Number of protein chains: 2
Amino acid sequence: MKSVVPVTVVEIKTACSQCNLRELCLPFGLDPGEVNQLDELVGSRRKIKRQQHLYRSGDPFEAIYAIRAGSFKTDVILEDGRDQVTGFQMTGEVLGLDGISSEEHSCNAIALEDSEVCVIPFGRLEELSRQVESLQHQFHKIMSREIVRDHGVMMLLGSMRAEERLAAFLLNMSQRFTVRGFSPSEFHLRMTRDEIGSYLGLKLETVSRAFSRFQEEGLVAVQQKHIRILDTPGLKRILNHHTA
Amino acid sequence: MKSVVPVTVVEIKTACSQCNLRELCLPFGLDPGEVNQLDELVGSRRKIKRQQHLYRSGDPFEAIYAIRAGSFKTDVILEDGRDQVTGFQMTGEVLGLDGISSEEHSCNAIALEDSEVCVIPFGRLEELSRQVESLQHQFHKIMSREIVRDHGVMMLLGSMRAEERLAAFLLNMSQRFTVRGFSPSEFHLRMTRDEIGSYLGLKLETVSRAFSRFQEEGLVAVQQKHIRILDTPGLKRILNHHTA
DNA sequence: AAATCGTATTGATGTGGATCAAAGGGCTCC
DNA sequence: GGAGCCCTTTGATCCACATCAATACGATTT
């Protein structure tokens with residue numbers, strides 16, 4: 001027999017005010033009353049199965065998405081088939097900002113595992129952020145953070161060597177897991193070597209070799225997608241000790 | 001003898017409502033009354049001489065800047081001295097968005113020629129964009145456009161070969177000159193080969209060689225920084241005809 | 001008009017990562 | 001719980017771009 005628990009109970013359970021990601025997400029810096037207003041705006045949630053698209057390049061832009069559970073990659077594909085992973089996104093991060101400029105999405109967002117997002121209709125977000133100063137400011141910070149992040153990737157792609165890129169990637173992942181309350185030194189990557197390679201501007205074989213080298217040097221223990229960082233300072237040294 | 005024309009005359013002359021860049025810039029989509037409100041907000045203008053910084057990484061973030069005249073580059077510098085040019089900006093484009101996220105600038109903005117910017121205090125911009133919906137939306141579009149642009153650069157750096165990168169760069173410059181009412185096929189680059197190389201993730205010699213090759217093939221006529229594009233479809237073909 | 005210095009071009013050689021190739025390991029899906 | 005397939009690792013070779021080096025050009029200064 002089906003449960004008769006009203007839907008509202010579920011909705012309350014998943015509201016921003018109850019969400020343990022709120023410190024990372026759009027509600028950051030809002031007072032409780034404001035968070036409730038935001039709750040009303042977040043119309044629905046959407047589950048996305050592994051390998052499925054949240055949106056595709058060319059789709060009309062209507063909403064941005066906050067990741068409640070799981071993780072995603074975004075990529076751009078050229079006519080000739082070449083593609084570039086432009087980012088990996090984790091819980092509490094916002095997807096879809098690329099679509100604002102032209103009213104349609106300019107990249108693909110694909111779930112790396114079974115995931116769930118909060119759908120935030122963009123018109124209503126703009127409306128509410130005209131009334132709620134702290135929401136407006138937090139939204140601007142999130143967009144700006146994306147720009148700063150992209151500049152970091154440009155630096156990585158434009159002037160780092162393969163092992164530096166992978167070290168930067170691992171340290172970045174570690175830091176983001178830490179913020180989410182997971183271990184800084186032991187985690188599971190949801191993306192393949194090929195996807196890491198695309199993101200870092202390297203071929204998958206090069207990524208694999210760099211992992212092996214790090215393992216030989218005792219910097220990390222690698223078992224497929226399971227990563228244990230053994231020597232964080234050592235990884236940081238690879239990044240900074242560039243003998244130009 | 002000095003002129004006694006009141007300062008206000010100059011200020012009116014340089015107001016958003018009178019500016020021929022308004023279709024490219026923050027006032028786009030605003031009605032005349034709204035543009036006047038924006039005028040009041042743009043407190044001052046600042047002249048920046050060639051090679052001087054508009055802001056530096058680490059400077060406190062207080063304002064964003066719209067380029068009235070001239071052009072800029074932005075770059076990021078690592079502790080070990082390596083640097084990466086993250087963009088070139090032309091008239092009507094906005095600088096400083098990187099600073100919103102952390103309240104301080106995260107890159108350097110340097111004038112490529114004697115230039116002038118409109119200073120837009122950010123707190124007041126947020127305030128006004130809470131009242132003026134079209135300004136809010138245009139500002140969001142400008143931030144989003146920056147994100148989309150950065151994704152394009154990531155694609156370029158991550159998966160294109162040297163000549164493809166340079167072709168993409170030239171076509172992009174051409175398109176931006178065109179929008180500003182200049183010739184699509186003949187223009188003057190304000191940046192050095194070294195700066196182009198940094199932006200494209202190449203060494204200056206490689207940039208120079210790619211220019212020479214394009215010239216041999218009759219695609220462009222290059223005379224130092226003066227560029228004449230002779231075969232736009234040919235350049236586009238280099239971009240797309242990637243035989244993977 | 002000569003001197004200077006930053007910028008650009010071109011050539012010769014070196015190398016990091018790509019490409020090609022093959023085999024082993026672990027998921028996923030019946 | 002087994003079959004198939006995707007993912008990963010590792011080795012051998014190749015090549016695009018970096019590096020090193022020398023010269024030439026152009027703008028600015030004197």
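Throughout, a chain's letter reflects where its sequence line sits, starting with A, and its residues are numbered from 1. Predicted model, so just to flag it, every value in this text is computed and none were measured.
Residue B:Ser208 places at least one side-chain N or O under 4.0 Å from the OP1 or OP2 atom of C:dT9. OP1 or OP2 of C:dT19 lies within a sub-4.0 Å distance of a side-chain N or O belonging to A:Lys203.
A:Gln223 places its CD atom 11 Å from the C1' atom of C:dG26, with the value rounded to the nearest Å.
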Report the C-alpha separation of A:Glu116 and A:Lys49 in whole Å, then their side-chain angles, then the decisive distance to 0.1 Å, and conclude whether the salt bridge (Lys or Arg N to Asp or Glu O under 4.0 Å) test is met.
CA-CA 8 Å; A:Glu116 187 178 4; A:Lys49 285 223 163 293; over 6 Å; no
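Of all nucleotides in DNA chain D having an atom under 4.0 Å from a heavy atom of chain A, the first and last in 5' to 3' order are D:dT8 to D:dA12.
Among residue pairs with one or both ends in residues 169-185 of chain A, those qualifying as salt bridge (Lys or Arg N to Asp or Glu O under 4.0 Å) are A:Glu93-A:Arg176, A:Glu93-A:Arg180; sequence neighbours excluded.
Inter-residue side-chain proximity for A:Ile196 and A:Phe211 is flagged as met; some heavy-atom pair is nearer than 4.5 Å.
B:Leu202 comes within contact range of the sugar-phosphate backbone alone, with a heavy-atom separation under 4.0 Å but no base atom that close. Contact annotation for B:Glu205: base contact, defined as any heavy-atom pair under 4.0 Å involving a base atom. At a threshold of 4.0 angstrom between heavy atoms, the contacts of A:Gly201 are confined to the sugar-phosphate backbone, with no base atom among them.
Between the side chain of B:Arg209 and the base of C:dG11, at least one donor-acceptor pair of N or O atoms lies under 3.5 Å.
Using cut-offs of 30° and 60° on the angle between ring planes, the pair B:Phe61 and B:His105 is perpendicular.
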